[in-house]
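Notes for the one structure printed next.
In listed order, ligands and their atoms are each counted from 1. Both backbone and side-chain heavy atoms feed into the values below; hydrogens, waters and symmetry mates do not.
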Amino acid sequence: MAELGVNIDHVATVRQARRTFEPDPIWAAALAELGGADGITIHLREDRRHIQERDFRLLRETVHVKLNLELACETQVLKIAGSVKPDQATLVPERREEVTTEGGLDVVTSRDRVQEAVKQLQGEGIAVSLFIDPDPQQIETAAELQVEAVELHTGQYALASGSQQKSALATLANAGQLSRGLDLTLHAGHGLTYQNVKSVSAIEGMHELNIGHSIVARALMVGMERAVREMKQLVE
Ligand code: PXP
């Protein structure tokens, strides 16, 4: 059975829309833990569009399950990671103009830079996962970089349907088998929903799934009715 890492970035996105104190991702993390999350995942982006350094530092103190920091191979955020020390760091690509992380980290072409980041993080006692496309060359390079885990990008699978989705799932399963054969712990994520998650969690050896958008979207929907009822009582 795979573990569930809950990505709470979108909670911070709503807060940043007003630059206020609510909703606080620290509260959301506590509630996610109550709901059974095995891990809390946050992405400290260079442009700080959602999660802030303050969130990361407080979450380090309050999260009692695995704290997974997504970050780019970028000097300043690597330094912050080294001082706050999440349980796990997942290296991701980052482009300013993207809406979310759009593709896997290309560890083949940016090998030297990734290697430096991996060494720095592991030197601080932080386990490292690489967010990569389910591609054999990427996986073999990840193994050579001696990281603890790879997170396979499930975006292609999530966007596909019918026979294309079946084939994307087979690609993920093959990539999973190759990863495990190379002693890499297997993670996956991106675009997973209540509808498409089961086949991915059933991939042999799947250890961790990181899911954000779909969970936060559902949290809004299942909470909306109660929130309106409470406000209605106050205005009546
Ligand atoms: N894994 C990684 C590496 C990500 O960058 C993201 C998005 O921040 C996720 C998982 C979660 O993706 P989603 O929000 O689509 O569930």
inquiry  = Does Gln138 have more than 12 heavy atoms from other residues, nucleotides or ligands lying within 6.0 Å of its CD?
reply    =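 Yes, because the 6.0 Å sphere around CD of Gln138 holds more than 12 heavy atoms from other groups.
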
inquiry  = I'd like to know whether ligand 1 has His43 as a neighbour, heavy-atom separation below 4.0 Å.
reply    = no

inquiry  = So for Ser214, does at least one of its heavy atoms come nearer than 4.0 angstrom to any atom of ligand 1?
reply    = no

Under 3.5 Å between any N/O of [X] and any N/O of ligand 1: does that happen in this structure?
X: Gly212; answer: yes
X: His213; answer: yes
X: Gly191; answer: yes

request  = Indicate yes or no: does Asp55 engage Arg48 in a salt bridge with an N to O separation below 4.0 Å.
outcome  = no

inquiry  = Salt bridge check, Glu144 against Arg111: does any charged N sit closer than 4.0 Å to a carboxylate O?
reply    = yes

query = Between atom NE2 of His207 and atom CG of Leu209, what is the distance when rounded to the nearest 0.5 Å?
reply =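 The distance works out to 10.5 Å.
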
Atoms of ligand 1 close to [X] [distance to a heavy atom under 4.0 angstrom, numbered from 1]:
X: Asn210; result: 10 (C), 11 (C)
X: Asn7; result: 8 (O)
X: Val92; result: 3 (C)

key: Results of side-chain hydrogen bond (donor to acceptor under 3.5 Å, both in side chains) for His10 - residues two or more places apart only   = His213

Partner residues of Glu61 under the side-chain hydrogen bond (donor to acceptor under 3.5 Å, both in side chains) criterion, sequence neighbours left out = none

task = Indicate whether any N or O donor in one side chain lies under 3.5 Å from an N or O acceptor in the other, for Asn210 and Glu208.
result =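 Present: a donor and an acceptor within the cut-off.
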
query = Which bit of His10 is near ligand 1, meaning a heavy atom under 4.0 Å away: side chain, backbone, both or neither?
reply =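 The answer is neither.
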
